[in-house]
Participant: 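The structure follows.
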2 protein chains.
Amino acid sequence: MELRQLGAFVTVARRASFTRAAEELHLTQPAVTRQIAALESELGVLLFDRLGKSIQLTGAGETLLGYAEHIQRLTDEAHEALSELAAGRAGRIAIGAASTLATYVLPPLLTRFRQAYPGIELSLRTGLSARVRELVLSGVVDIGLVTSEGEPTRTDGALLSESLGVYETVLAVPPGHTLAGRTRVTVDELAGESLLAMTEGTNLRTYAEHVLADAGVVVSVTMELDSVEAIKRMVEAGLGVSLLPRVAVATEVDAGRLVALTLTGVPLPERHIVVLRRGDKHQSGPLTAFFTLLHQ
Amino acid sequence: MELRQLGAFVTVARRASFTRAAEELHLTQPAVTRQIAALESELGVLLFDRLGKSIQLTGAGETLLGYAEHIQRLTDEAHEALSELAAGRAGRIAIGAASTLATYVLPPLLTRFRQAYPGIELSLRTGLSARVRELVLSGVVDIGLVTSEGEPTRTDGALLSESLGVYETVLAVPPGHTLAGRTRVTVDELAGESLLAMTEGTNLRTYAEHVLADAGVVVSVTMELDSVEAIKRMVEAGLGVSLLPRVAVATEVDAGRLVALTLTGVPLPERHIVVLRRGDKHQSGPLTAFFTLLHQ
DNA sequence: AGACCTTACGGTAGCCGTAAGGATC
DNA sequence: GATCCTTACGGCTACCGTAAGGTCT
């Protein structure tokens, strides 16, 4: 039993004629006869009564017709569903992202993506960059967004890394701070400031320590928090300053509740937004679309 | 997309290996590769990620797997259902029968048939013999049971007739009747009796008139009824005698409420129980089984 | 080196179209 | 005689198995 045979059978049954079915199927009439004969032989039943002038479904034929139409509908749906997937109009993307990126970078991207591809399911898992990397490697997520120092070009095994651009870190101070009138600040000038920092293990904390150590500046970490949002509130309240991603303070800066100072001073390492994916895993239609959006 | 390809795909997906799927399918491994490749090419999607050591379903693969397993289940069910039909263990028989046969002959037959083939649906339509004949010709019923005078051997067009045996007609009289002590009676002796008869148009009425006319006997039809059951009650009540099928009075004779006299006298035409069917229509498994039962 | 999937190549089985045959109306 | 389905025959497509080639562990 093959789908071609079932298709021929359904057509013959609907048209009640081998000849007209052959026309519809773009086959010759003997070819249709053989398709039906093969089915009848395999199933051990007669599917049509040949009444000379006309033909008529037998009971077995009616039974098979029910199944055959059901099967045809399913194959049509399968074709449809897969062509939707291939065209990127349907499917599912699992994204892993470092927490700050998930909070401050992804929302506008996902909003635009959702508008362009409303049929695609999105799932998001957040965590530390190292954890996101594991999720990508294990295939739990299709794509990972993390931060990293320097331009990542190494392809660690099956893992591909691409930079989406620089992820600028700024000094956030409250409006009344002595540095608040400035637009730039060197790392040296941070000496003596009380710094609010993320907990250890986060890329943001590691980066801050790296920058300060390179400059030989000793800064007291007066408070350690596990939330960028909490740090911003503390800075607003005048409890200190902090090194934060520029995108994370954009709203507060626009509203005048915080001032963002560009860090200068040599040598200042750059952080990048990095997208991670497995090179040996198939890139589905939706994922390709998402990639295109990321690179804009 | 063909069922063979879907079968290969499902096997590969379940075993998570082309090699092991090939073993299960009794194919070589390259053959399996080509089946999957053909599917991927036709559908325009990758179904498996080839990760060197192992393979993994893609999103498109998982989507197709759902459809493919559904389709496989349906084809299995279709096979099953049709083999049930072929074996005579399932199906449906539509029977047409003359009213007296339906009442007095069919019940024990159908009881035995139901015991032997409990899976087969039975439908019964009753009517005059001429009407049953039409039902068989038009294909509304698969088989017809009627009465006819003489052995029917003619094949009227597509209609096949076979006799199942003689359908004896007897004279039914009440126990107190003057003939009640006899076991046989000639047609001549009916002269002067008051006869209860079926309405005109029934085979029973036609037969009775035929027999009486042949013998040159004039009998007054004192009452005309359209029910054999009603006639029997009238005869029991002493309102007359009647020519009835022996099987129709068997119960009353056994109970002593009626006496059945065998008709003799030359020439006495015989009635037969006749089974009608279309020769050009397929005889399904269940129908064959029913035929076998009828001929026992 | 071993395991696994893919590609290449030659042979065969199955399907198709043309042509002839048989049955029915 | 016309119509419709079936059977026969030659040709071609497509699938299979064997063998060689890649790639990753």
Side-chain angles (χ1 to χ4, degrees), chain A residues 1-9 11-42 45-58 61 137-139 155-160 278-282, chain B residues 1-9 11-42 45-58 61 137-139 155-160 278-282:
Chain A
M1 200 155 85
E2 287 300 330
L3 290 178
R4 182 167 4 93
Q5 296 169 338
L6 288 179
F9 168 69
T11 306
V12 172
R14 289 215 183 106
R15 298 302 201 84
S17 157
F18 283 60
T19 305
R20 285 189 289 281
E23 292 170 9
E24 184 169 329
L25 295 166
H26 302 293
L27 288 175
T28 59
Q29 186 270 320
V32 176
T33 288
R34 282 189 298 261
Q35 305 261 26
I36 304 302
L39 272 180
E40 291 178 328
S41 164
E42 175 186 349
V45 296
L46 211 61
L47 296 172
F48 295 99
D49 280 315
R50 280 76 163 176
L51 309 176
K53 178 74 176 175
S54 64
I55 61 174
Q56 192 179 1
L57 274 176
T58 62
L137 272 175
S138 67
T155 59
D156 177 8
L159 203 64
L160 298 185
R278 280 186 68 150
D280 55 1
K281 206 177 168 193
H282 174 61
Chain B
M1 200 154 87
E2 286 300 331
L3 290 178
R4 182 168 5 94
Q5 297 169 337
L6 289 179
F9 167 70
T11 307
V12 172
R14 290 216 182 104
R15 296 303 200 85
S17 157
F18 283 60
T19 305
R20 284 189 288 280
E23 293 169 9
E24 183 169 331
L25 295 165
H26 302 294
L27 288 175
T28 58
Q29 186 271 321
V32 176
T33 289
R34 282 190 297 263
Q35 306 261 26
I36 304 301
L39 271 180
E40 290 178 328
S41 165
E42 176 187 348
V45 296
L46 210 61
L47 296 172
F48 295 98
D49 280 316
R50 280 75 163 177
L51 307 177
K53 178 75 177 177
S54 64
I55 62 174
Q56 190 179 2
L57 274 177
T58 63
L137 272 175
S138 66
T155 59
D156 177 6
L159 203 64
L160 299 184
R278 280 188 68 152
D280 55 1
K281 207 176 167 192
H282 173 60

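Small disclaimer: the values here were computed from a predicted structure and weren't measured.
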Participant: Nearest to the side chain of B:R34, heavy atoms from C-beta on, is which of D:dC5, C:dA8, C:dC5?
Facilitator: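 Of the options given, the side chain of B:R34 lies nearest C:dA8.
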
Participant: Is B:T33 near enough to C:dT6 that one of its side-chain N or O atoms lies under 4.0 angstrom from OP1 or OP2?
Facilitator: yes

Participant: Would you call the rings of A:F18 and A:F48 parallel, tilted or perpendicular if under 30° counts as parallel and over 60° as perpendicular?
Facilitator: perpendicular

Participant: Tell me the interatomic distance from A:E2, atom CD, to D:dT13, atom C1', rounded to whole angstroms.
Facilitator: 16 Å

Participant: Let's see if you can work this out: which of D:dC5, D:dT6, C:dC5 has an atom nearest to the side-chain heavy atoms of A:P30?
Facilitator: D:dT6

Participant: Please determine whether a side-chain nitrogen or oxygen atom of B:Q35 lies at a distance below 4.0 Å from atom OP1 or OP2 of D:dC16.
Facilitator: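 Result: yes.
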
Participant: CD of B:E40 versus C1' of C:dC5: gap in Å, rounded?
Facilitator: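 Taking atom C1' of C:dC5 as the reference, CD of B:E40 is at 12 Å.
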
Participant: Check for a donor-acceptor pair, side chain of A:E2 on one end and backbone N or O of B:E2 on the other, with a separation under 3.5 Å.
Facilitator: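 Such a contact is absent between A:E2 side chain and B:E2 backbone.
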
Participant: Is it the case that the side chain of B:R50 and the backbone of B:I55 share a donor-acceptor pair, with hydrogens and angles ignored and the cut-off at 3.5 Å?
Facilitator: no

Participant: Whole angstrom is fine here: how far is it from CD1 in B:I36 over to P in C:dC5?
Facilitator: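 These atoms are roughly 11 Å apart.
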
Participant: Taking A:E42 for the side chain and A:M1 for the main chain, is one N or O donor matched with an acceptor at less than 3.5 Å?
Facilitator: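 Yes; judged by distance alone, with no hydrogens or angles, the pair exists.
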
Participant: Could you tell me whether the side chains of A:T19 and A:E23 share a donor-acceptor contact shorter than 3.5 Å?
Facilitator: no

Participant: Could a donor-acceptor pair under 3.5 angstrom be found where the side chain of B:R50 meets the base of D:dG22?
Facilitator: no

Participant: Starting at atom CG of B:L27, determine the distance to atom P of D:dC16, rounded to an integer number of angstrom.
Facilitator: 6 Å

Participant: With heavy atoms under 4.0 Å as the rule, sort A:T19 into base, sugar-phosphate or nothing.
Facilitator: sugar-phosphate

Participant: Let me know the distance between CZ of A:R4 and P of D:dT13, rounded to the nearest Å.
Facilitator: 15 Å

Participant: Using whole Å, report how far CZ of B:F18 lies from C1' of C:dC4.
Facilitator: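 To the nearest whole Å, that distance equals 10 Å.
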
Participant: Among C:dC5, D:dG17, C:dG17, which nucleotide has an atom closest to any side-chain atom of B:A31?
Facilitator: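 That would be D:dG17.
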
Participant: To the nearest angstrom, how far is A:E42 atom CD from C:dC15 atom P?
Facilitator: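 Distance, rounded to whole Å: 11 Å.
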
Participant: Calculate the interatomic distance between B:L25 atom CG and D:dG17 atom P; express it in whole Å.
Facilitator: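 It is 10 Å, rounded to the nearest whole Å.
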
Participant: Could you check whether B:S17 gets within reach of a base, just the sugar-phosphate, or nothing at all, counting any heavy atom under 4.0 Å?
Facilitator: sugar-phosphate

